[in-house]
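This report refers to the structure that appears directly beneath it.
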2 protein chains.
Amino acid sequence: MAKENIETKALEYCMDMLGGKWKPIILYHVSKGTNRFNKLFNEIEGINRQMLSKQLKSLERSGILDRTLYGEIPPRVEYTLTPLGKSLLPVVQAMTKWGQKQTKEKVEVVEVPQNQQLPLF
Amino acid sequence: MAKENIETKALEYCMDMLGGKWKPIILYHVSKGTNRFNKLFNEIEGINRQMLSKQLKSLERSGILDRTLYGEIPPRVEYTLTPLGKSLLPVVQAMTKWGQKQTKEKVEVVEVPQNQQLPLF
DNA sequence: CTGTATCCGCGGTGATACTG
DNA sequence: CAGTATCACCGCGGATACAG
């Protein structure tokens, strides 16, 4: 032992933040400028209010989103990315890019040659 | 409607592949060259055999891992990344990098200035 | 060595209705 | 407009034992 894996901890930490079905999607929409509850609710297909509320609260607790309540009638709430949330966008973007590539290549299944050693990590 | 969100679908697709507690961690270890069952089992702290088996099978079904069984006694199995699996490494790497940064900055909490508009997406 | 079988708790996820 | 309350399902994740 003794070799406590730093990368593993980092991955776990990240998955704690981004885990679940909705969080990356919410982050994406907020990053695009959608910041009000019902707007998010309408744009995110398949979610219901409770889920949206729960996930928003979770993201808020994690320090990824800020929630601003304006004391108006009718009430207005705006969600914005914190600096921490913004730092997460490259990750979301990497996931998006990968997903787009795959869903596209479903059609044009090209023979992918065996890649050589990737020097990642 | 009609505005079916491509990025959202891409994100969902990616989360289907990488979702759950263990998959990114397994991918990371396999990418580092650990490819035998018990080696993975020993290196991944906190997992049990069934979970490892389940996740490996799931990754195999997703086309992310290849499983090679050598007809030897005792049996030997090796897991390797498929091209699809390799294409996923940048995503895992992005998550790792983010997680490392955050866990480090826990100590040296510098005042982070308000970032200007990020042109992501 | 490399798994599978069985059993189970808990929480993520969800539909619906109600509230300030 | 922006949530919360309630109820329920289901499968992930896990402990332990068994198998080829």
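This structure is a prediction, so every number in the text was calculated from the model and none was measured. Below, chain A is the first sequence line, B the second, and so on; all start at residue 1.
- In this structure, Glu45(A) places its CD atom 12 Å from P of dA15(C), rounding to the nearest Å.
- For the pair Glu60(B) CD and dT2(C) P, the interatomic distance rounds to 15 Å; values are reported in whole Å.
- Using a 4.0 Å heavy-atom criterion, one finds that Lys21(A) contacts the sugar-phosphate atoms exclusively.
- If you check dG13(D), dT4(C), dA2(D) against the side chain of Lys54(B), the one that comes closest is dG13(D).
- Of the residues near DNA chain D, Ser53(A) and Gly19(B), the one whose nearest nucleotide (by heavy atom distance) lies more toward the 5' end is Ser53(A).
- Listed candidates were dT2(C), dT16(C), dT13(C). Nearest to the side chain of Arg36(B) is dT2(C).
- The shortest distance between the side-chain N/O atoms of Arg67(A) and the OP1/OP2 oxygens of dG3(D) is below 4.0 Å.
- Across the protein-nucleic acid pair, Leu56(A) atom CG and dT4(D) atom P stand 10 Å apart, rounded to whole Å.
- The separation between Met51(B) atom CE and dA15(D) atom P is 10 Å, rounded to whole Å.
- The interatomic distance linking Asp16(A) (CG) with dG11(C) (P) rounds to 14 Å, in whole Å.
- With hydrogens and angles disregarded, a donor-acceptor distance shorter than 3.5 Å links the side chain of Thr82(B) to the backbone of Gly63(B).
- For dT6(D), its base sits under 3.5 Å from the side chain of Gln50(A) at one donor and acceptor pair at least.
- In this structure, the side chain of Thr96(B) engages the main chain of Val92(B) through a donor-acceptor pair within 3.5 Å.
- We find that CD1 of Ile26(A) is positioned 15 Å from P of dA2(D), with the value rounded to whole Å.
- Closest contact between the side chain of Pro75(A) and the listed nucleotides dT2(C), dC1(D), dG14(C) involves dC1(D).
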Requested in this report: Could you walk me through whether Arg49(B) and Asn38(B) pass the side chain to side chain donor-acceptor pair (under 3.5 Å) test, one step at a time?
Outcome: CA-CA 9 Å; Arg49(B) 288 177 204 280; Asn38(B) 267 2; 3.2 Å; yes
Requested in this report: Please test Ser53(A) against Gln50(A) for side-chain contact (heavy atoms from CB on, under 4.5 Å), starting from the C-alpha separation and ending with a verdict.
Outcome: CA-CA 5 Å; Ser53(A) 179; Gln50(A) 187 193 30; 5.6 Å; no
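- Closest contact between the side chain of Pro74(B) and the listed nucleotides dC1(C), dG14(D), dA2(D) involves dC1(C).
- Between the P atom of dT4(D) and the CG atom of Leu69(A) lies a distance of 12 Å, rounded to the nearest Å.
- Nucleic acid contact for Tyr79(A): sugar-phosphate only, since backbone atoms but no base atoms lie under 4.0 Å from a heavy atom of the residue.
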**Report entry** Intermediate values then yes/no, side-chain contact (heavy atoms from CB on, under 4.5 Å), Glu45(A) and Thr8(B)
**Finding:** CA-CA 9 Å; Glu45(A) 192 174 0; Thr8(B) 294; over 6 Å; no
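- Using a distance-only test at 3.5 Å, with no hydrogens or angles considered, no donor-acceptor pair links the side chain of Thr103(A) to the main chain of Ala10(B).
- At the heavy-atom level, Glu78(A) lies nowhere under 4.0 Å from the strands shown.
- Lys57(A) comes within contact range of the sugar-phosphate backbone alone, with a heavy-atom separation under 4.0 Å but no base atom that close.
- Distance Leu52(A) CG to dA15(C) C1': 15 Å, rounded to the nearest Å.
- Contact check, Trp22(A) against dG14(C): a side-chain N or O comes under 4.0 Å of OP1 or OP2.
- Between Asn48(A) and dG14(C) there is no side-chain polar atom (N or O) within less than 4.0 angstrom of OP1 or OP2.
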